[in-house]
Novice: 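This is the structure I have questions about; it appears just below.
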Amino acid sequence: MQDGDGNGWVRLPDGSYRWGLYGAAGLLLHATDTRGAGHVLLQHRAGWTHMGGTWGIPGGARNRDETPLEAAVREFREEVAGDLSGYTVLGTYEHDLTQWRYDTFLLGLPSMAPFHAGNSESNEIRWVPVSEAESLPLMPAFRTAWQDLRPGLEAAPAGGSASGTGTS
C-alpha cells in the first residue's frame with residue numbers, strides 16, 4: 001500500500017467505517033475463455049487486511065487529485081502484477097453513501113491474461129468463472145454489489161470488446 005492523501009477511515013452516520021477519505025474505487029476485470037465462458041479476476045485478501053480471507057476486487061482509497069478511474073487503475077497496479085493494457089470500459093457501478101462512495105469499473109480484456117499478487121495485500125489473484133464467483137466467501141460489500149455487477153458481465157460480448165473507451 002502506497003501512502004496517499006486519501007488514505008484514512010471515514011466514519012459514516014450509522015457508525016460504520018469506510019476506507020478512503022475521498023472515497024474509493026476498484027476494477028472488476030472480465031474476459032472469456034476459449035469456449036466463450038465469462039470469467040472475472042478476483043483478489044483473495046490477505047488475512048491482515050480489512051475483511052482478510054474474503055474475495056473481492058483490487059481497489060482502494062482515492063487521492064484528492066484523482067478521478068475514480070485513475071484511482072482504481074493505480075490501486076490495481078499496486079496490488080496486482082500483470083499487463084492491464086488493452087482494456088475496454090464495459091460499465092460502472094457507484095455505491096454512494098452520501099459522505100463516501102465506492103466506484104467499481106467493469107473492464108473487458110481481450111483474453112484471460114496472467115495476473116498474480118503484486119504486494120502483500122493479496123493471498124491470491126485468480127480468474128474465476130462468473131457462474132462460480134458467488135460460491136466464494138466474498139467480502140460482504142462486494143457480495144451485495146455483485147447482484148448489480150453480474151448482469152453487466154453476462155451482457156458483455158465475448159473477448160471483452162464493447163463500445164466505449166479505455167486504455168491504460
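Not measured: the values here are computed from a predicted model. For this chain, numbers begin at 1 and follow the sequence in order. All heavy atoms count here, side chains included; hydrogens, waters and symmetry mates do not.
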Novice: Does L97 form a side chain to side chain contact (heavy atoms under 4.5 Å, CB included) with R18? I'd like the steps, not just the answer.
Specialist: CA-CA 10 Å; L97 300 174; R18 300 292 189 276; 3.8 Å; yes

Novice: Parallel, tilted or perpendicular: which fits the ring planes of Y102 and W100, with parallel below 30° and perpendicular above 60°?
Specialist: tilted

Novice: Do L136 and T54 have side-chain heavy atoms sitting under 4.5 Å apart?
Specialist: no

Novice: Taking G53's backbone N and O only, do any of them form a donor-acceptor pair with H44's side chain (distance below 3.5 Å, no angle check)?
Specialist: yes

Novice: Report the C-alpha separation of V89 and L106 in whole Å, then their side-chain angles, then the decisive distance to 0.1 Å, and conclude whether the side chain to side chain contact (heavy atoms under 4.5 Å, CB included) test is met.
Specialist: CA-CA 6 Å; V89 177; L106 289 79; over 6 Å; no

Novice: I'd like to know if the side chain of W48 reaches the main chain of S120, judged simply by a donor and an acceptor atom lying under 3.5 Å from each other, with no hydrogens or angles considered.
Specialist: yes

Novice: Taking side chain as C-beta onward, heavy atoms only, is P58 less than 4.5 Å from E75?
Specialist: no

Novice: Test side chain to side chain contact (heavy atoms under 4.5 Å, CB included) on L29 and Y87; report intermediate values, then the result.
Specialist: CA-CA 9 Å; L29 274 56; Y87 67 79; over 6 Å; no

Novice: Please state whether the rings of W19 and W9 are parallel, tilted or perpendicular, taking 30° and 60° as the class boundaries.
Specialist: perpendicular

Novice: Quick check: do T32 and H30 have side-chain heavy atoms less than 4.5 Å from each other?
Specialist: yes

Novice: Set out, in order, the CA-CA distance, both residues' side-chain angles and the distance that settles salt bridge (charged side-chain N to carboxylate O under 4.0 Å, His left out) for E134 and R150, then state yes or no.
Specialist: CA-CA 10 Å; E134 286 181 82; R150 185 173 179 165; 2.9 Å; yes

Novice: Can you tell me how far OG1 of T104 sits from CD1 of I57, rounded to the nearest 0.5 angstrom?
Specialist: 4.0 Å

Novice: Is the shortest heavy-atom distance from the side chain of R126 to the side chain of F115 under 4.5 Å?
Specialist: no

Novice: List the atom of G20, the atom of V10, and the distance in Å for their closest heavy-atom pair.
Specialist: O-CG2, 3.3 Å

Novice: Taking side chain as C-beta onward, heavy atoms only, is F76 less than 4.5 Å from L107?
Specialist: no

Novice: Please find the pair of heavy atoms, one from A71 and one from A61, that lie closest to each other, and give the distance.
Specialist: CB-O, 4.5 Å

Novice: Between the main-chain N or O of N63 and the side-chain N or O of E66, is there a donor-acceptor pair closer than 3.5 Å?
Specialist: yes

Novice: Apply salt bridge (charged side-chain N to carboxylate O under 4.0 Å, His left out) to R74 and E70, showing your working.
Specialist: CA-CA 6 Å; R74 176 186 50 75; E70 289 170 340; over 6 Å; no

Novice: Are side-chain N/O atoms of S122 and Q43 paired as donor and acceptor at under 3.5 Å?
Specialist: yes

Novice: Once you round to the nearest 0.5 Å, how far does CG of L109 lie from CG of L84?
Specialist: 6.5 Å

Novice: Hey, is the main chain of H50 close enough, under 3.5 Å, to the side chain of R45 for a donor-acceptor pair?
Specialist: yes

Novice: Enter the distance from T88:OG1 to L90:CG here, rounded to the nearest 0.5 Å.
Specialist: 6.5 Å

Novice: About how many Å separate CZ of R62 and CG of D103, when rounded to the nearest 0.5 Å?
Specialist: 6.5 Å

Novice: Roughly how far, to the nearest 0.5 Å, is the CG atom of N119 from the CZ atom of R77?
Specialist: 14.5 Å

Novice: Taking all non-hydrogen atoms of both residues into account, name the closest pair between S16 and D14 and its distance.
Specialist: OG-OD1, 2.6 Å

Novice: Heavy atoms, side chains only, cut-off 4.5 Å: are L21 and N7 in contact?
Specialist: no

Novice: List the steps, then state whether side chain to side chain contact (heavy atoms under 4.5 Å, CB included) holds for H39 with V128.
Specialist: CA-CA 5 Å; H39 288 66; V128 176; 5.9 Å; no

Novice: Tell me the closest heavy-atom pair linking A72 and F105, and the distance in Å.
Specialist: CB-CD1, 4.0 Å

Novice: To check you understand the geometry: which heavy-atom pair defines the closest contact between G86 and P110, and what is its length?
Specialist: O-CD, 3.6 Å

Novice: Do you know which two heavy atoms are closest between P68 and A25, and how far apart they sit?
Specialist: O-CB, 3.3 Å

Novice: Tell me if a side-chain donor or acceptor on W127 pairs with a main-chain N or O of A113 at a distance below 3.5 Å.
Specialist: yes

Novice: Could you measure the distance from the CG atom of L28 to the OG1 atom of T92? Nearest 0.5 Å is fine.
Specialist: 12.0 Å

